[in-house]
J.: 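Starting off with a structure, shown below.
For this chain, numbers begin at 1 and follow the sequence in order. One-based numbering, in listed order, for ligands and for the atoms of each.
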Amino acid sequence: MSYIETASGKWEVVIGLEVHAQVISQSKLFSSASTKFGVAPNENVSFIDAALPGVLPVLNSFCVDQAIKTGLGLNCTINKISYFDRKNYFYADLPQGYQISQFHHPIISGGFVEIEDDEGNIKKVHLERIHIEQDAGKSLHDQSPTKSYIDLNRAGIALMEIVTKPEMTSGAEAAAFLRKLRSILRYLKTCDGNMDEGSMRADVNISLHRPGTPLGTRAEVKNVNSMKFIETAVNFEISRQLEILENGGSVEQETRLFDSSRGITRSMRSKEDAQDYRYFPEPDLPPLILEDERIEAIRATLPELPDAKSRRLQETYGLPRYDADLISAEAEVAAYYEKALACCSKADGDAAKLLANWLLGDLFALLNKYGKSIDESLISPENLSGLIQLIQQDVISGKIAKDVLVIMWDEQKSPQKVVEEQGLQQITDPAVIENALRDVLIENSSKVAEYKSGKDKLFGFFVGQAMKKTHGKANPQLLNDILSKLLSE
Ligand code: ADP
Ligand code: MG
């Protein structure tokens, strides 16, 4: 548990998140309009989305399946009966005048997500519920000096609202939760987690209290839409509330907006209570009843999820948790890694660790540099595996391998071909290495004398000179052994 210590005593930070995740589906929650992103305004609008009088919603059963899959992937209880409710409020981009949501009886309850807490231990963040609801449209205020425009493309798109218990205690934990949640949803293919396009956004609830006393009053920061901002928003809120509380004031329950350009939150409105929305059962939709067979059929399609994958990589290959977690965070990265590992003639712990280093280090650096995803890598898993094996078989040193990797990327050639064309094979002939070393020692006879009178550090200097003479190709181990022998002659 991490506390904030001040002269007046300890404060504990309490954070709960409400995450809106857009369901991956071709059509909207209650209409057949497309969900395609980036089309002309109001292109994806059916009569239902525009709320014409007399239209009736029809529940998209694929979206329900997606929610069930999400619930199963997050260790939740799937409720076999749930209901839709109307959440009433007026807004220009909400033509119905209400949002169809689930309030009293959501489709999913409970569940948890495992994160690494501030002390580096595994911590379960429990979920309160997940419900499905429709998204609203979008108001555009920057298109005209005198008018506001409305785009209803988003209106009616299916969202899952994932609500956590107030169990996180720092901005870092909140960010870790969001990262893990995003990773799981992407594995499940139920939400693309694209925060730039608004497919995933979080409302962050933050309060402070004295340990052992009831929870404090929370402020809610709306629509935080980047991993980077969540920590900034939380930290700003902590210091704002701390100052109020330390001066004997009380935090107001309110909704605040995060201003990403200034890294601050500002008050938007005092918080509505549930009764302000006049929730009541949606009269146009029957109860949502789920059969066991349907739930079990979906359970059977669940892929291996990131936590299980990471544990398997740690247990099977002895990979450190840090490496295994990074590899498992994206299904595509893990698939690449396992494919490469399968190509190693000896897929043991050594190969696994070496491969992890090269994937997470040098290959990720190349992908970043060229803005490519792992699926767009110009180096295939087979070829990365080939490179690892050349290192393991002492054909090339790790240092030369770095250059080989870049040429593999630039020229899209196999590592064997690059090594052959450029003549990069290690020199493993002891006679050749000994000759190079003898030349170095003769050229630097005064340094040899210094070495022999106790200046041990010069060993590295001789190694460097001999490497230079062999264009970095001498086998480092042999070079060291022969040098020791020559110097003790
Ligand atoms: P709403 O914000 O929709 O009115 P809830 O009461 O369901 O609804 O709470 C929403 C979120 O606020 C949840 O994620 C919950 O964990 C979090 N939360 C509740 N109380 C606190 C608190 N005192 N401090 C921090 N977060 C809180
Ligand atoms: Mg809320």
J.: Does an N or O from G216, backbone or side chain, lie closer than 3.5 Å to an N or O of ligand 1?
T.: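 Such a contact does occur with ligand 1.
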J.: Under the side-chain hydrogen bond (donor to acceptor under 3.5 Å, both in side chains) test, which residues partner S34, sequence neighbours left out?
T.: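 With sequence neighbours excluded, S34 shows a side-chain hydrogen bond (donor to acceptor under 3.5 Å, both in side chains) to no residue whatsoever.
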J.: Scan for side-chain hydrogen bond (donor to acceptor under 3.5 Å, both in side chains) pairs involving residues 71-82, sequence neighbours excluded, and state none if there are none.
T.: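 Listed once each, the pairs are N79-S109, K80-D292, S82-Q102.
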J.: Is the positively charged end of K124 above the ring of F112, judged by distance under 6.0 angstrom from the centroid and angle within 45° of the axis?
T.: yes
J.: I need the atoms of ligand 1 closer than 4.0 Å to a non-hydrogen atom of V163, numbered in the order shown.
T.: 13 (C), 14 (O)
J.: Counting from 1, what ligand 1 atoms have a heavy atom of E220 closer than 4.0 Å?
T.: 2 (O)
J.: List ligand 1 atoms under 4.0 Å from L215, heavy atoms only on the residue side.
T.: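 Listed by number with element: 23 (N).
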J.: Is there a polar contact between ligand 1 and L17, counting only N or O atoms under 3.5 Å apart?
T.: yes
J.: Of the listed options (R218, R129, E128), which comes nearest to atom 6 (O) of ligand 1 when hydrogens are ignored and any heavy atom counts?
T.: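 Checking each option, the heavy atom nearest atom 6 (O) of ligand 1 is found in R218.
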J.: Can a salt bridge be assigned to the pair E220 and R256 using a cut-off of 4.0 Å between side-chain N and carboxylate O?
T.: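 Result for this pair is no, no salt bridge flagged.
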J.: Does W358 have K402 sitting over its ring (NZ/CZ under 6.0 Å from centre, angle to axis within 45°)?
T.: yes
J.: If hydrogens are left out, which of T164, T217, V204, V13 has an atom nearest to atom 14 (O) of ligand 1, that is, the closest non-hydrogen atom?
T.: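 Answer by nearest heavy atom: T164.
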J.: Please work out which of the three classes, parallel, tilted or perpendicular, describes the rings of F229 and F258, given edges at 30° and 60°.
T.: tilted
J.: Under the 6.0 Å and 45° cation-pi test, does R86 pair with F280?
T.: no
J.: Using distance alone, decide if ligand 1 has a nitrogen or oxygen within less than 3.5 Å of any nitrogen or oxygen in I206.
T.: no
J.: Can you list the ligand 1 atoms lying under 4.0 Å from a non-hydrogen atom of K165?
T.: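 Listed by number with element: 16 (O).
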